[in-house]
Student: 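Would you mind keeping the following structure in view while I ask a few things?
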Number of protein chains: 2
Amino acid sequence: MSQPENPDARRPTTADTTGPANVRMPDSVEAGAMNHAIFRVARLHRMLAGQLLRRVGLHPSQELVMMQLWDRGPQRQTDLVRFLGSDAATMTRTIRRLENAGFVRRRPSTTDKRVTIVEPTAASNALRNEVEQVWMDLETSVTEGMTPAQQAEAIEVLDLIEKSLARATSQDI
Amino acid sequence: MSQPENPDARRPTTADTTGPANVRMPDSVEAGAMNHAIFRVARLHRMLAGQLLRRVGLHPSQELVMMQLWDRGPQRQTDLVRFLGSDAATMTRTIRRLENAGFVRRRPSTTDKRVTIVEPTAASNALRNEVEQVWMDLETSVTEGMTPAQQAEAIEVLDLIEKSLARATSQDI
DNA sequence: AGCCATTTACTGTTCGAACAAGTACATCCC
DNA sequence: GGGATGTACTTGTTCGAACAGTAAATGGCT
């Protein structure tokens, strides 16, 4: 299919790269390559994280909350929201589920009656090693196909993308 | 920065690269740098996409369905599932919402009574340019802080990560 | 022909993500 | 002091993501 031989002279096949943004893309193949790449990586990473977390009985994002609590100790929900980058409403429910699961306890702050302090329970310590193992497995899954140099490059690239996105998000255009 | 002159012979400062995987990480700073980087990029990208899509009245992921339909024409839900990489249950509901919004129509296949064919409506064509504009804005937001060389590098790195993740996901470990 | 695994789509359910709206408390400023 | 403003958290709601279970149709295999 797709005519293997055509004598036509100009073919923008492999790399025109200098996409002038006005000329129509040759095919619809490459309109937004970066978006597609990010979407696919994000989806696969989320899927794999979900599969690994399932074994330890956590849902995606709950592990981030627990890791933050284990690392930094008891703190306000707002602090967790800032860390997760999520919103307060989501955090309220996530915390409630973690509380019901017995991994987290909540107590009101004495100094500021608006805030509730969230802290990891002793029972949660049993989880900690498992979650850290999951985290390392996930990291390994990403990096095992890459040379150390490629890994370093990847981090740089991701940081660069993050900066771009952060700027665009704050601007809100 | 980074001490232009130092007489010391071996310094693993910038690129020791050969990360031995056994030695403990010096701080807890760098345990899962790749994971964190991917999470942050994924979150920001999703957030920005959501903000942009909101203006055209679509929810995240609906635009991917519509783009697939515009590009490839009427097709079965299973094909859309394969494209989105999501699952059939999610697709059923997404399609229903797009149908209620008037962007999509469903008709039963005559040859296979199990399948329903999904096709974009004429009304959806009004959306198409807007969605493509959103898609380009999103792409621009990611790439505008990067040189063309960095963009090419980013695509390579993301493809590499995707391959690693795809392998890990299929293995299911 | 008849059985059976597979495919296709749907529903039920739980959970995170996000927006909106509302309550309780805190702080600032007049 | 008292109103205006801001912060911390909660609830309501819609939507995607994912797992489980179901039902119908298909196709292969004996």
Side-chain angles (χ1 to χ4, degrees), chain A residues 39-40 42-55 57-66 75-101 103-104 106-118 169 172, chain B residues 39-40 42-55 57-66 75-101 103-104 106-118 169 172:
Chain A
F39 269 128
R40 284 194 303 262
R43 177 162 44 80
L44 283 171
H45 193 251
R46 176 167 201 81
M47 272 178 50
L48 187 54
Q51 287 176 9
L52 295 175
L53 283 170
R54 169 165 261 257
R55 304 179 187 169
L58 290 183
H59 292 268
S61 282
Q62 294 184 343
E63 93 280 15
L64 296 176
V65 174
M66 292 310 302
Q75 54 201 287
R76 307 177 304 161
Q77 281 188 205
T78 306
D79 296 332
L80 294 170
V81 166
R82 237 189 318 274
F83 171 71
L84 256 195
S86 178
D87 79 346
T90 300
M91 188 55 64
T92 293
R93 290 156 176 133
T94 297
I95 295 295
R96 181 161 55 221
R97 287 166 187 135
L98 286 172
E99 190 179 25
N100 292 341
F103 298 137
V104 139
R106 303 170 47 179
R107 80 184 136 77
S109 164
T110 55
T111 65
D112 187 335
K113 281 189 231 167
R114 293 169 304 178
V115 331
T116 75
I117 305 290
V118 184
T169 303
D172 201 32
Chain B
F39 269 127
R40 284 194 302 262
R43 176 161 45 78
L44 284 171
H45 193 250
R46 175 168 202 82
M47 271 178 51
L48 187 55
Q51 288 176 10
L52 295 175
L53 284 170
R54 172 164 258 257
R55 305 178 187 169
L58 290 183
H59 291 268
S61 281
Q62 294 184 344
E63 92 280 16
L64 297 176
V65 174
M66 292 310 301
Q75 54 201 287
R76 308 176 303 162
Q77 282 188 204
T78 307
D79 296 332
L80 294 170
V81 166
R82 234 187 321 273
F83 170 71
L84 257 195
S86 179
D87 79 347
T90 300
M91 189 54 65
T92 293
R93 289 154 177 136
T94 298
I95 294 295
R96 181 161 55 221
R97 286 167 188 134
L98 286 172
E99 191 179 23
N100 291 341
F103 298 137
V104 139
R106 303 171 44 180
R107 80 182 136 79
S109 164
T110 56
T111 66
D112 187 335
K113 282 189 231 165
R114 293 169 303 179
V115 331
T116 75
I117 305 291
V118 184
T169 304
D172 201 31

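Lettering of chains follows the sequences in order, A, B, ..., and the numbering in each one begins at 1. Values in this document were obtained by computation on a predicted structure and should not be read as measured data.
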Student: Would one find a side-chain N or O of B/S61 under 4.0 angstrom from OP1 or OP2 of D/dA17?
Tutor: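 B/S61 to D/dA17 OP1/OP2: side-chain N or O found under 4.0 Å.
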Student: Which listed nucleotide (C/dA24, D/dA20, D/dA17) is nearest to the side chain of A/R54?
Tutor: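 Of the options given, the side chain of A/R54 lies nearest D/dA20.
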Student: Looking for any heavy atom pair under 4.0 Å, which part of the strands does B/R96 touch: base, sugar-phosphate only, or nothing?
Tutor: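 Counting heavy atoms under 4.0 Å across all strands, the contact made by B/R96 is with sugar-phosphate only.
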Student: What is the separation between atom CG on A/L44 and atom C1' on D/dA18, rounded to the nearest whole Å?
Tutor: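 The distance from CG of A/L44 to C1' of D/dA18 comes to 15 Å, rounded to the nearest Å.
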Student: Is the base of C/dT7 touched by the side chain of B/R114 through a donor-acceptor pair closer than 3.5 angstrom?
Tutor: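 Yes, the side chain and the base share a sub-3.5 Å donor-acceptor pair.
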Student: Using the salt bridge (charged side-chain N to carboxylate O under 4.0 Å, His left out) criterion, which residues pair with A/R97? Sequence neighbours excluded.
Tutor: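 Scan of A/R97 (salt bridge (charged side-chain N to carboxylate O under 4.0 Å, His left out), adjacent residues dropped) gives none.
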Student: Could you identify which residues of residues 87-95 of chain B place a heavy atom less than 4.0 Å from some atom of DNA chain C, listed by residue number, or say none?
Tutor: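 Output list: B/A89, B/T92, B/R93.
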Student: Would you mind telling me which residue lines up with the more 5' stretch of DNA chain D, B/K113 or B/G85, judged by nearest nucleotide?
Tutor: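 Taking each residue's closest nucleotide, the earlier one in sequence belongs to B/G85.
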Student: I need the full list of salt bridge (charged side-chain N to carboxylate O under 4.0 Å, His left out) pairs touching residues 78-92 of chain A, with sequence neighbours left out, sorted by first then second residue.
Tutor: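 As it turns out, the salt bridge (charged side-chain N to carboxylate O under 4.0 Å, His left out) pairs with a partner in residues 78-92 of chain A, which skip direct neighbours, are A/R76-A/D79, A/D79-A/R82.
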Student: Please give, in whole Å, the distance from D/dA24 P to B/R76 CZ?
Tutor: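 For the pair B/R76 CZ and D/dA24 P, the rounded distance is 21 Å.
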Student: Roughly how many Å is it from CG in B/L58 to C1' in D/dT14, rounded to a whole number?
Tutor: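 B/L58 atom CG is separated from D/dT14 atom C1' by 14 Å.
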Student: Where each residue is assigned the nucleotide of DNA chain C containing its nearest heavy atom, which of B/T78 and B/R43 is assigned the position nearer the 5′ end?
Tutor: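 Between the two, 5'-proximity favours B/T78.
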Student: Looking only at side-chain atoms of A/S86, point me to the closest of C/dA17, C/dT8, D/dG16.
Tutor: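 The closest nucleotide is C/dA17.
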Student: Taking the side chain as every heavy atom from C-beta outward, state whether A/L52 and A/L48 have any pair of such atoms under 4.5 Å apart.
Tutor: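 A/L52 reaches A/L48 side chain to side chain.
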Student: Rounded to whole Å, please give me the gap between CG in A/D112 and P in D/dT7.
Tutor: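 From A/D112 CG to D/dT7 P: 12 Å.
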Student: For B/E99 and C/dA9, give me the distance from atom CD to atom P, rounded to whole Å.
Tutor: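 Value for this atom pair: 13 Å.
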Student: Side chain of A/R97, heavy atoms from C-beta onward: which of C/dA20, C/dA26, C/dG16 has the nearest atom to it?
Tutor: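 Side chain of A/R97 sits closest to C/dG16.
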Student: Not counting sequence neighbours, which residues clear ring pair (Phe, Tyr, Trp, His ring centres under 6.0 Å) with A/F39? List them please.
Tutor: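 For A/F39, the residues satisfying ring pair (Phe, Tyr, Trp, His ring centres under 6.0 Å) (neighbours in sequence not counted) are B/H45, B/W135.
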Student: Measuring to OP1 and OP2 of C/dG16, would you say a side-chain N or O of A/Q62 lies under 4.0 angstrom away?
Tutor: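 Yes.
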Student: Could you work out, with side-chain hydrogen bond (donor to acceptor under 3.5 Å, both in side chains) as the rule, every residue matching B/R43, not counting sequence neighbours?
Tutor: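 So B/R43 forms no side-chain hydrogen bond (donor to acceptor under 3.5 Å, both in side chains) with any residue.
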Student: Does one side chain, of B/T94 or B/Q62, offer a donor that lies under 3.5 Å from an acceptor on the other?
Tutor: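 On atom types as modelled, these side chains do not qualify, holding no pair under 3.5 Å.
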Student: Once side-chain hydrogen bond (donor to acceptor under 3.5 Å, both in side chains) is applied, do any residues pair with B/T110, and if so which ones, sequence neighbours excluded?
Tutor: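 Residues passing side-chain hydrogen bond (donor to acceptor under 3.5 Å, both in side chains) with B/T110: none at all.
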Student: To the nearest angstrom, how far is B/L84 atom CG from D/dG16 atom P?
Tutor: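 It works out to 10 Å between those atoms.
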Student: I need the CG-C1' distance between A/N100 and C/dC15, as an integer number of Å.
Tutor: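 Interatomic distance, CG of A/N100 to C1' of C/dC15: 13 Å.
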Student: How long is the line joining CG of B/L53 and C1' of C/dA17, in whole Å?
Tutor: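 The answer, rounded to whole Å, is 14 Å.
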Student: Find out whether B/L98 and B/L58 are in side-chain contact, i.e. whether some heavy atom of one side chain is under 4.5 Å from a heavy atom of the other.
Tutor: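 B/L98 reaches B/L58 side chain to side chain.
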Student: With DNA chain D as reference, determine whether B/H59 or A/Q77 sits nearer its 5' end, using the nearest nucleotide of each.
Tutor: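 Going by which nucleotide is closer to the 5' end, it is A/Q77.
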